[in-house]
Amino acid sequence: MRRTHRGVPAVATLLSIVLVGAGACGGGFQQSGESGSTTSAKLRVLVNISPVLTKQFYANLVAPYEKAHPGVTVTIEAPTAADVSATLQQELAAGSAPDLVTGSLSTAIVPQLSELPDDSWVTDAPYAVQSKVGGKIWQAGSGTQVQSVVFYNKTAFGKAGISAPPRTFDEFTADLVKLKAAGYVPTQTAGDWVTGAQVQMMANPNVLNTKPDWFAQRDKKSVTFADSNWTKVLDVYQGWVTQGLTPANAMGLKYQDSIDQFVAGKSGTYIMGSWLVPTLDSAKLPFDADVFPMPTFDGSPAPLAGGPSIPWSILKSSKNQAAALDLVKYLVSDKTAVTAELAAEGNFRTGFDYQASALNKEIGKIVADAKTTVVASAGQGDNSAPTGFGDEVNKLVQGLYVGETSPKVISALDDWYTANAK
Amino acid sequence: MNLTRRLVLLPVVFLMVVPAYLLVVNSFKSQQDITQDPFGIPLPRLSVEYLVNALNSPDFSLIKAYTVTALFAVGVNLLSLLVSGPAAYVIARGTKVGHRALLVLFLVGMFIPGQVLVIPVIYVLKTLGLMGTVPGFLLFETTLTLPISMFLYVSYIKTVPRELDEAARMDGAGPLTTFWRIIFPLMKPAVVTAIVLHTIGVWTDFVNPQIILGPASSLYTVTTSVYAAIGKYSTDFTVVYPNLLVAVVPVMAFFVFLQRNIVSGLTTGATKG
Amino acid sequence: MLAPALALLSVFMLVPIAIAGYLSFTDWDGLSPTPGPVGWANYERLLSDVDVQHAAVVTAVITVVGTVGCNAAGLGLALLLNRRNRFTSLLRAVVFYPYVVGPIIIGFLWSAILGADGAIANALIPLPFLSDPAWAVGSITFVVVWSQFGVNVVLYLAGLQTVPASLLEAATVDGASRWQTFRAVTWPVLAPSVTVNIVLVLVGLLRVYEIVLALTGGGPAGRTSTFAFLILSSSFRSNQLGYGAAQAITLMVVIGALALGVTALRQRAERAVAA
């Protein structure tokens, strides 16, 4: 029978493919790219999409560069997985990584990124030096974003009989109670990624003020979440949840919902990064919006927690290293590009001024008044948390809404960190 | 009986139809009208503006997405038939234990969750140089159709009398010729069933195009386009409803037109065992 | 003639399973050049991982309730629709259309209906459909059944065509009640159909992913993640491809075991009704 014999080579193919395939999944993705030319290149850029950073925004951002460099075309690519980091992981695995990337990346990815030169346009970029990993500069931001402020509804504060913004968390909580009595959602939050991000914004200034290299120390286990102000912050937050000072349906809201509610004047306060400013400025607010720095436990001024805004990195695998570097240089040092990036998110950088709104100036004042600066979210460079920290914090903090308690959250956080630390 | 029938059927119909009603009505309403009165029809304020926006959305090129998805469906169906038809013929006509075992091997695939396969498949495709490419995607999707195709074709071919093969062999035809010339023309019902099932499968697949095509290919199917268009904006109902409607209408037209074939296809597909 | 089919099956199914199996014994993060062997550590971690426990419970609830729901609704409706007229084919289309639309679009549509600012909250009463974990799992299960039971209706209708009309008439002549007729005549003939329906739904529901993605994104607090969702969302996000592979292999084994187990049980039941 002819056809049964046909089966034999098929099985042989199968076996050889099993062997080749299994062996091939390790190794071989660190092909380093070629330098290429700066005048002719097709650059793929993976970007972080948000309500203010749309695909169109990025397209407009690079348009002048493309015009000045007719041989260079830039393709903007939005994440297809949950976020930039997960999409980049997938693309690296697939061997189809872009040339440039912008968005928050974990330091685990740094070996896949090109080292940026020690030139002044790089070192001048906010957080480029602070985020070094093993001495290597791997990202350059276009500005600084502030993540230790609380937006508030001044009109609501007036109606609730609150004369001045709180300085301590005790005052903050007391004000929230008054806001509730006045019929407002005391502090706005949402499910999505928002819950965890807000608690990080509360914790970072209060944890890192005494130990700026806290994450690095946590890696060595010389500090723990349980022994730090994280415990106090979570106690405060749990108190808010149990007293109904956050929206009852918080877990059903998306980020945009929480913005909409604050914009509509339904909520008294909203802990959010400075990137909220352009949204508030462009909305016709039915109230006066203002901002105050994150309260502390003893009322002393909190350090400013900040991070790079729209940070750019180049992938090692890119075959257009020279062109990619030239584009990054444009994006973090050209006046037009940088101010466009700053204005989009209401961020800051000395020497790059743009038409700032009143709210923007208020945040500027907070920035200027701050005596010290600490890193935001999951840290920077060698002083940063393991991959997935933000997701884990978010998930655990949301647990407070579904019956968990703050001691349990803290111990779960410590366990997770220990299991995942480098 | 008729009363009980009605008492049961009415709520069911209501439950099934209401989401579709909301989808259609709210595609023409403003955000305010949608949130204030989701079920209402504010006649004077209805507008096609939102639908037009959805059609012009930079994230969702309707015509491109439909063309891409339709071509994928055609490609997968063709490949699936070319590959599984002859194989099913050999297995159906085979008399050895090995043939039976091969069929089982193919059928086991029905129980393998796509989530198990898709991540390792990235590495296989990468090794083959096919990751992020249309051929790579088509080959993987075709593989996912094999269990159903093999099942349908083998059971169908078994009902075709062997005498036909013998006659062809007398005329000097090889097995491949015999299959395509003699057997294949008789397999129409099974082929239609397979095409219906695979087309729905490819059309509604989200994970595989999302991961295997990725952002690099810049190819979006209907499902990945919808995700790109509304994933981040799911609170703006003037984006959500019109985009969903735009994605659904052509499929529904297709469904209404071919309902009988789809249903009978599905039925023979699952009851032939 | 077998070679192309076997090649595809090997390259895109058997090899990937082998790779997943291999990776599940490593600590691979998807980036390092060589995966480091860790023995059974990933599988041991599965047993103590709270996220996995939550996902297992959620998946079990969706699967059990959903399988019962799809089959009860499917068979019940099929019995009511088991007559030939225009009305029947219209109703069949009405219950079946979500299957053609596909889960991701269905998920987004229902999220606009059940969400905090959705149609029901705004038109009727705000209930925590998606914001409370227990409610959210209920909502997911409902939407899954809503979108899939049409297939069961169609399959059961086909099964009912195989019930010999002569037997039904004979039963009526003998003065059997409707229930007695169903029990004695219809049910035994339908037995194989029931098996197919149960197995198909079961296997399908164990991999629910898109509806979770669109409805809740696994939240709040990760309490609505199904097993399939956990695998796809955690592998790349936390750089744990080895661990993700262990989850995937586990899911595959569970599905295989359940499909085999249910088929075996049903075969016994089928023989019992036949006897």
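Proteins come first, then strands; the chains are lettered A, B, ... in the order of their sequence lines, and each starts at number 1.
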Non-hydrogen atoms of [X] and [Y] that approach each other most closely:
X: C/Gly102; Y: B/Thr204; result: CA-CG2, 3.3 Å
X: C/Met13; Y: B/Leu144; result: CE-CD2, 4.1 Å
X: B/Val240; Y: C/Ala112; result: CG1-CB, 4.3 Å
X: B/Met16; Y: C/Pro98; result: CE-CG, 3.7 Å
X: B/Met110; Y: C/Arg207; result: O-NH2, 2.8 Å

To the closest 0.5 Å, what do you measure between [atom1] ([X]) and [atom2] ([Y])?
X: B/Ile211; Y: C/Ser235; atom1: CD1; atom2: OG; result: 8.5 Å
X: C/Phe108; Y: B/Thr223; atom1: CZ; atom2: OG1; result: 10.5 Å
X: B/Phe206; Y: C/Ile105; atom1: CZ; atom2: CD1; result: 10.5 Å
X: B/Gln210; Y: C/Ile104; atom1: CD; atom2: CD1; result: 8.0 Å

At a 4.5 Å cut-off on heavy atoms, which part of [X] comes close to chain C: side chain, backbone, both, or neither?
X: B/Leu125; value: side chain
X: B/Ile119; value: side chain
X: B/Ile200; value: side chain
X: B/Ala88; value: neither
X: B/Phe179; value: side chain
X: B/Leu79; value: neither
X: B/Leu22; value: side chain

Find out whether [X] and [Y] are in side-chain contact, i.e. whether some heavy atom of one side chain is under 4.5 Å from a heavy atom of the other.
X: C/Ile19; Y: B/Val121; value: no
X: C/Val11; Y: B/Phe140; value: no
X: B/Phe111; Y: C/Met252; value: no
X: C/Phe12; Y: B/Leu146; value: no
X: C/Leu232; Y: B/Val118; value: yes
X: C/Ile17; Y: B/Pro120; value: no
X: C/Glu210; Y: B/Tyr227; value: no
X: C/Trp146; Y: B/Pro19; value: yes

Quick check on [X] against chain B: is it the side chain, the backbone, both or neither that has a heavy atom closer than 4.5 Å?
X: C/Phe229; value: neither
X: C/Leu157; value: neither
X: C/Leu258; value: neither
X: C/Tyr99; value: both
X: C/Phe142; value: side chain

Select, from [options], the one with the greatest count of heavy-atom pairs under 4.5 Å involving chain C.
options: B/Val108, B/Val207, B/Val8, B/Thr199; value: B/Val207
options: B/Val116, B/Val251, B/Thr143; value: B/Thr143
options: B/Thr142, B/Thr35, B/Leu9, B/Leu128; value: B/Thr35

If you draw a 6.0 Å radius around OH in B/Tyr21, do more than 12 non-hydrogen atoms from other residues or ligands fall strictly inside?
->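 Buried by this count: over 12 neighbours within 6.0 Å.
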Crowded around B/Gln32 CD? As in, over 12 foreign heavy atoms under 6.0 Å?
->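 For B/Gln32, atom CD is not crowded (no more than 12 foreign heavy atoms under 6.0 Å).
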Carefully, step by step, assess C/Val94 and B/Val12 under the rule side-chain contact (heavy atoms from CB on, under 4.5 Å).
-> CA-CA 9 Å; C/Val94 163; B/Val12 171; over 6 Å; no
Output the option from [options] having the highest count of non-hydrogen pairs under 4.5 Å with chain B.
options: C/Leu9, C/Val101, C/Val203; value: C/Leu9
options: C/Ile231, C/Leu77, C/Val199; value: C/Leu77
options: C/Leu109, C/Leu241, C/Ile255; value: C/Leu109

Donor-acceptor contact below 3.5 Å, side chain C/Tyr97 vs main chain B/Phe255 =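 Absent.
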For chain B, which residues from residues 113-124 of chain C lie under 4.5 Å away (heavy-atom distances)?
->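 Within residues 113-124 of chain C, the residues that come under 4.5 Å of chain B (heavy atoms only) are C/Ile113, C/Asp117, C/Gly118, C/Ala119, C/Asn122, C/Ala123.
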